[in-house]
Amino acid sequence: MAQHTLTFKGVANTDQVNRITTALMTLDGVDSAEVGRHGAEVEGRARREALIRAVEALNLGIRVS
């Protein structure tokens, strides 16, 4: 099982954290996602690029790296 670390810039509140968590957890291949205002730790077989696209697709103005 792979572990990916994502870094966020621009997450302003708990609602955004919850939306990011939901977006990541609904991806095929994600086993767990621990999300906070500054980043996320994601475990599973999902590709890093898919994780980043899922967060960017929320259109919250968040920078993900």
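The model shown is predicted, which means the values in this text are computed figures rather than measured ones.
Shown here is E41, whose CD atom has more than 12 heavy atoms of other residues, nucleotides or ligands within 6.0 Å.
Annotation for F8 and A40: closest pair CZ-CB, 3.8 Å, computed over non-hydrogen atoms. What you find for V30 and M25 is that their closest heavy atoms are CG1-SD, 4.0 Å.
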Can I get a per-line list of side-chain donor-acceptor pairs under 3.5 Å for residues 46-63, giving both atom names and the distance, sequence neighbours left out?
residue, atom, partner, partner atom, Å
R48, NH1, T5, O, 2.7
R48, NH2, S65, O, 3.2

- Task: Just do the side-chain contact (heavy atoms from CB on, under 4.5 Å) check on R45 and D28 with the steps written out, would you?
- Result: CA-CA 8 Å; R45 63 187 195 293; D28 192 33; 4.0 Å; yes
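Interatomic distance, CD of E34 versus CG of L24, reported as 12.0 Å (0.5 Å rounding).
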